[in-house]
Amino acid sequence: MNALAPYAVSDLRSRGRLHAEAPPVERSEYQRDRDRIVHSTAFRRLEYKTQVFVNHEGDLFRTRLTHSIEVAQISRSIARILGLNEDLAESIALAHDLGHTPFGHAGQEALNTCMKAHGGFEHNLQSLRTVDLLEEHYAAFDGLNLTYETREGILKHCSRANAAQLGELGQRFLDGTQPSLEAQLANLADEIAYNNHDIDDGLRSGLISLEQLEAVPIFAANRRAVELAWPGLGGRRLIHETIRRMINQMVLALTARTRHNIAQAGVATLDDVRAAPRLVAYSDELLPRLRELKGFLRDELYHHYQVLRMTNKARRIIADLFNAFMDDTRLLPPQYQARARQDKARAIADYIAGMTDRYAIKEHRRLFAVGEIH
Ligand code: MG
């Protein structure tokens with residue numbers, strides 16, 4: 001790690017952990033957070049959770065695990081360029097999707113609908129719940145007991161109602177202040193990662209084509225640059241060379257603009273960062289290019305009929321499971337039955353959110369397929 005900027009998060013400026021612990025030996029507080037996240041159960045489950053394509057549809061598509069690793073890579077790069085805390089940015093990136101349900105956004109929406117009358121379901125809040133409460137790893141406390149700064153970064157969004165329950169951590173959603181720059185950058189690194197890898201996965205799946213992408217200016221321009229440098233290049237290499245240039249362009253546009261914003265706002269300390277408007281941002285030139293790209297992915301990939309057929313099925317599976325457990329909590333595994341006695345709907349949501357895609361499908365079959373007896 002290079003020298004930290006004065007407005008970066010550092011061990012010395014940490015607001016600490018919920019449960020007091022001795023400082024780590026030979027590693028920083030944020031390295032310890034990162035290590036705990038990598039060793040958690042929820043992290044390993046990300047391998048079998050959908051990003052866009054259901055996990056078993058193909059071996060080469062991104063899962064939430066490979067997505068999270070790409071977000072961590074981009075986050076570290078940006079943090080290093082800006083003199084920010086790389087270990088913290090990496091921790092936030094690796095943990096940012098821990099609370100995601102099976103089946104991607106379709107699963108999250110379905111669970112939120114089921115939970116409407118019971119406080120709702122927000123995946124960012126569920127990620128926080130996972131690291132604060134649900135992981136069972138340590139003798140002295142529930143969860144992973146991460147630092148305030150990692151937890152702050154995990155909670156990207158939060159409704160005002162839920163924020164009000166969270167004390168210090170929820171305060172910024174009520175008073176409109178900002179999290180650390182490391183949290184801000186991990187948030188945009190997430191976007192850079194999925195906007196680019198969804199093009200790659202979309203092409204690989206055959207649901208979108210290179211011809212269609214000619215209508216997306218940022219892709220078309222970078223493809224032209226590749227073809228100029230490598231005349232006649234085609235196939236996977238053409239796609240990868242184009243996408244790596246796009247990632248690079250986005251990272252550089254973001255770091256240049258962010259540096260400018262930091263200087264402009266006269267930010268000198270971490271407190272200044274929290275009080276200033278959001279400082280990590282894309283350049284004005286890049287914003288319309290990103291809007292076009294996102295619009296394309298929404299219309300041509302996320303709303304592709306084959307994807308919608310899958311998400312429709314996913315919604316049904318989540319709703320069926322939720323309703324069956326609500327009707328009879330004795331169908332839950334014993335440890336969740338105990339939790340359900342305190343808060344039935346939340347215990348069921350925790351159980352469902354923790355499932356991998358294939359576990360949810362199997363559980364659905366176990367509960368509903370006539371002729372299956374176990
Ligand atoms: Mg993500």
Side-chain angles (χ1 to χ4, degrees), residues 33-34 37-38 40-55 57 60-79 86 88-112 121-131 134 144 146 150-158 179-202 243 246-247 250-251 254 278 280-282 290 293-294 297-298 301-302 307 310-311 314 353-357:
D33 280 2
R34 189 258 330 271
I37 291 159
V38 168
S40 71
T41 308
F43 186 70
R44 282 195 301 284
R45 286 186 182 148
L46 294 176
E47 183 174 2
Y48 301 103
K49 291 194 180 199
T50 294
Q51 186 64 27
V52 174
F53 298 90
V54 170
N55 178 259
E57 283 183 325
L60 298 176
F61 298 129
R62 267 67 173 189
T63 65
R64 288 224 173 258
L65 180 65
T66 55
H67 163 70
S68 299
I69 292 169
E70 290 183 28
V71 178
Q73 179 274 310
I74 294 170
S75 296
R76 279 201 88 109
S77 294
I78 296 172
E86 286 179 49
L88 173 59
E90 183 180 26
S91 295
I92 295 168
L94 291 176
H96 86 283
D97 270 350
L98 288 181
H100 249 291
T101 62
F103 310 123
H105 286 283
Q108 125 97 12
E109 278 163 31
L111 195 51
N112 189 28
F121 179 87
E122 300 173 25
H123 67 86
N124 285 301
L125 201 56
Q126 190 69 15
S127 297
L128 185 69
R129 205 173 146 73
T130 304
V131 300
L134 299 178
L144 306 178
L146 303 180
T150 300
R151 296 169 62 239
E152 168 190 61
I154 290 172
L155 196 64
K156 279 199 281 210
H157 307 288
C158 187
S180 69
L181 291 168
E182 289 81 354
Q184 294 183 37
L185 76 85
N187 190 4
L188 292 192
D190 182 22
E191 236 184 72
I192 294 176
Y194 69 69
N195 281 324
N196 284 289
H197 66 49
D198 287 352
I199 297 177
D200 187 30
D201 281 354
I243 289 175
M246 286 172 56
I247 295 176
M250 290 178 194
V251 167
L254 183 147
R278 190 159 279 255
V280 179
Y282 302 113
L290 282 178
L293 173 60
K294 285 175 169 195
L297 284 170
R298 185 191 56 234
L301 183 61
Y302 309 143
V307 174
M310 182 280 284
T311 52
M355 292 179 185
T356 60
D357 293 0

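Whatever order the structure lists ligands and atoms in, that order sets their numbers, starting from 1.
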Q: Taking the Mg ion (ligand 1) as the reference point, name the nearest N/O/S atom of Asp190.
A: OD1

(Q) Could you check whether Asn112 and His123, counting side-chain N and O atoms only, form a donor-acceptor pair closer than 3.5 Å? (A) no

**Q.** Asp97, N/O/S atom nearest the Mg ion (ligand 1)
**A.** OD2

Q | Expected output: side-chain Thr66 to main-chain Arg62 donor-acceptor under 3.5 Å | A | no

Q. Taking both backbone and side chain into account, is any N, O or S atom of His96 nearer than 2.8 Å to the Mg ion (ligand 1)?
A. yes

Q: Under the side chain to side chain contact (heavy atoms under 4.5 Å, CB included) rule, what do Ser40 and Leu144 come out as? Steps first, then yes or no, please.
A: CA-CA 8 Å; Ser40 71; Leu144 306 178; 4.1 Å; yes

**Q.** His67: its N/O/S atom lying closest to the Mg ion (ligand 1) (atom name)
**A.** NE2

(Q) Could you report the tightest heavy-atom contact between Ala89 and Ala79, atom names first, then the distance? (A) CB-CB, 4.0 Å

